[in-house]
Amino acid sequence: NRKKVVIDDNTVNELQEALILSDVSFNSSERIIKKFKDGLKNQETEEEVNNEFFLGILQKEISAMLDRDDLNINFEPGGLSVFIISGVNGSGKTTTIGKLANLIVSEIGKKVMIVAADTFRAAAISQLEVWAKRVGVEFFSNESKDPSSVVYSAIEEAEKKDVEVIIIDTAGRLGTNNDLMMELSKIENVIKKQMGKGPIENLLVLDGTSGQNALSQIEKFKKSINLTGIVITKLDSTSKAGFAISASYDYDLPIKLIGVGETLHDLLPFVPDDFSKALFD
Amino acid sequence: KITDKITSSFKKLRGHSVITDKNIDEALKEIRLGLLEADVNYKVVKSLVDSIKEASVGKEVLKSVSPGEQFTKIFNDELIKILGSETEYLNIKVSPPAVIMMVGLQGSGKTTTAAKLSKYLKEKEKRNPCMVSADIYRPAAIEQLKILSNQVKVGFIENSSQDVIEICKNAFKSAYNQGYDTLIIDTAGRLQIDDSMIQELKSIKSEVTIHETLLIIDSMLGQEAINVAKTFNDEVGIEGIALTKLDGDARGGAALSAKFITNKPIKFYGSGEKMDALDIFHPDRMASRILG
Ligand SMILES: Nc1nc2c(ncn2[C@@H]2O[C@H](COP(=O)(O)OP(=O)(O)OP(=O)(O)O)[C@@H](O)[C@H]2O)c(=O)[nH]1
Ligand SMILES: Nc1nc2c(ncn2[C@@H]2O[C@H](COP(=O)(O)OP(=O)(O)OP(=O)(O)O)[C@@H](O)[C@H]2O)c(=O)[nH]1
Ligand SMILES: [Mg+2]
Ligand SMILES: [Mg+2]
């Protein structure tokens, strides 16, 4: 009992509007809708052709754009795993590190040290130290105002204490600030010299409430450091972080984790299917 | 840039004597796209494009300027209509202490802006401000504000309690008793859909007279700016808006959406992390930023 699938312009416009309202870029929404419409041509189905039917197809298409085989957090097989966490001011780096340390300790059982390399902002070190105590992991900070020097000393200390994973908190910075972007690549270089290779995870923390500027951040951070993945925070808000589609597809970066709240347990693995469904909620 | 796109799609107006639906159709499409890319809310874009169309169609094509320039002026004027044409100041000409409360989403820049504002009031307005932190949730939030108060050399009211309402009531009393003419209350970041946290702000306002509630908005905020601003304004009530992180390359369309939905004035903007990086908001400068 197969019938031809037909979609009217109004429905297409509503679907595109939903994407745009979810902070999907206009260009991404155009490409997604075009591929969606092309895919419907000459399609027949026995199912009822209604909004749910169209949403299901669209969600599958978006999920495929977000799906990759490198969505896991990677660890160094034979030695100390170094993670750098960077991102724009207020995006949720420090909080995410607390949550990530907790995740690693409770689910993977590795010994973690978190490093306070935000030597600039008021109470940044104290804030991170509270998280270290909450999780019960090693904490490193020193008097230096130079984040690279803090990182260097932290790695030396970590090796003495048989730490298996160090997670480095950095100061918030805008991608447009050249000096701060150079500071970040200097930290990466210090790690390369000291460890013989770059950090195994170099994660960009993006505020899930941001609009298209998130893509500009990815572009600028990617130029300065070798990003390995993205964390999107604040997905417990009403924002949908539609920029994730372009982040993954156009910038070729895996979204590895999402932040869904302010407590220790509010960090989840990124699941493409769940994310694409939530876009239309 | 939106203005470049308008100029090129305006070449169509050359040789025409009147602006019609047809000859500005392409320009309106470019404007729509440009505004969306600037993170202006979809619904605000629709409304703005309609009002630009209304202000343009039927108008005579001026010979003295290029068609692109004429249209850009109309567009700019419609943007300014939404953003406001004059700078509006804080409502703090009251018997002291005037109380200002900072509210907004997590990480938007409330604590930093509170300190910048206190410095501004002290140095530019010759006031005697103090600050208190009502953020009992975020690790080291109180310490952060205290350090900043020392940096800008303004009063800091120590926390007297673990209860947010008590903290605010006691801060008001202390500010009064210690002769401060302005009290700035820093609150915890919260989602507009967090009913208990929105209720917390309402409870503060029911127990302490807040003369100026300032909604702090990150200039990178996306499409939800309209819902965030609407809820904070409808539920808590705000007197003004302040934008932060304008030293980045975010176009700041969220400002337009927030102003559009609340009709509350944008009063200040932050353009850096240092304590002197706070400026009075100028609608025309924001319009050119959104125009790209
Ligand atoms: N609702 C919600 N809030 C979050 C989430 N992640 C972080 N936050 C909050 O966002 C605010 C900023 O978090 P921080 O961890 O200090 O952000 P940061 O990137 O380290 O900030 P800077 O170091 O100043 O650049 C805090 O109030 C956090 O509690 C999340 O997933 N959901
Ligand atoms: N570049 C830049 N950074 C800013 C600006 N305003 C605030 N920041 C930074 O943004 C980050 C967050 O600022 P906070 O003042 O802690 O934000 P908040 O709203 O108090 O955060 P919560 O209390 O966690 O909700 C900090 O790193 C600030 O230094 C600004 O105008 N420009
Ligand atoms: Mg931090
Ligand atoms: Mg704060």
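So that the names make sense, note that chain A is the first sequence line, chain B the second, and so on, each numbered from 1.
- With no hydrogens or angles considered, no side-chain donor-acceptor pair links A:Thr176 and B:Asp249 at under 3.5 Å.
- Between chain A and the options B:Leu148, B:Leu105, B:Ile193, the largest number of non-hydrogen pairs under 4.5 Å is found for B:Ile193.
- Ring orientation note: the planes of A:Phe54 and A:Phe36 are nearly perpendicular, at an angle over 60° on the 30°/60° scale.
- No part of A:Lys240 comes within reach of chain B, as not one of its non-hydrogen atoms sits under 4.5 angstrom from that chain.
- There is no contact between A:Ser25 and chain B, counting heavy-atom distances below 4.5 Å.
- Contacts of A:Asp236 with chain B are made by both backbone and side-chain atoms, with heavy-atom separations under 4.5 Å.
- In terms of modelled atom types and a separation under 3.5 Å, the side chain of A:Lys234 and the main chain of B:Gln106 share a donor-acceptor contact.
- Proximity to chain A (any heavy atom under 4.5 Å) is shown, for B:Lys110, by neither the backbone nor the side chain.
- Listed options B:Thr111, B:Val228, B:Leu33 were ranked by heavy-atom pairs under 4.5 angstrom with chain A; first place goes to B:Leu33.
- The neighbour count for B:Lys119 NZ, taken as heavy atoms of other residues, nucleotides or ligands under 6.0 Å away, is above 12.
- At a 4.5 Å heavy-atom cutoff, the contact between B:Asn41 and chain A is made by side-chain atoms alone.
- Residues B:Gln144 and A:Gln127 bring no donor and acceptor atom of their side chains to less than 3.5 Å of each other.
- Contact count against chain B (heavy-atom pairs under 4.5 Å) is highest for A:Arg121 among A:Arg134, A:Lys220, A:Arg121.
- If you measure heavy-atom distances from B:Leu191 to chain A, the contacts under 4.5 Å come from the side chain alone.
- Among the candidates A:Ala122, A:Gly90, A:Ser126, the residue making the largest number of heavy-atom pairs closer than 4.5 Å to chain B is A:Ala122.
- A salt bridge does not link A:Asp207 with B:Lys245: every distance from a Lys NZ or Arg NE/NH1/NH2 to an Asp or Glu carboxylate oxygen is 4.0 Å or more.
- Salt bridge status for A:Lys277 with A:Asp281: absent, with no side-chain N to carboxylate O gap under 4.0 Å.
- Between chain A and the options B:Leu145, B:Asn227, B:Ile147, the largest number of non-hydrogen pairs under 4.5 Å is found for B:Ile147.
- In terms of non-hydrogen atom pairs under 4.5 Å with chain B, the most contact-rich of A:Val130, A:Thr209, A:Val88 is A:Thr209.
- Put simply, of B:Arg138, B:Glu37, B:Gln192, the one with the most heavy-atom pairs under 4.5 Å next to chain A is B:Arg138.
- For a residue to count as touching a neighbouring chain, one of its non-hydrogen atoms must lie under 4.5 Å from one of that chain's; by this rule A:Phe120 touches chain B with the side chain only.
- Side-chain polar atoms of A:Ser239 and B:Glu224 form no donor-acceptor pair below 3.5 angstrom.
- Among B:Leu79, B:Ile82, B:Leu35, the one residue that satisfies the side chain to side chain contact (heavy atoms under 4.5 Å, CB included) test with B:Val40 is B:Leu35.
- For a residue to count as touching a neighbouring chain, one of its non-hydrogen atoms must lie under 4.5 Å from one of that chain's; by this rule A:Glu17 touches chain B with backbone and side chain alike.
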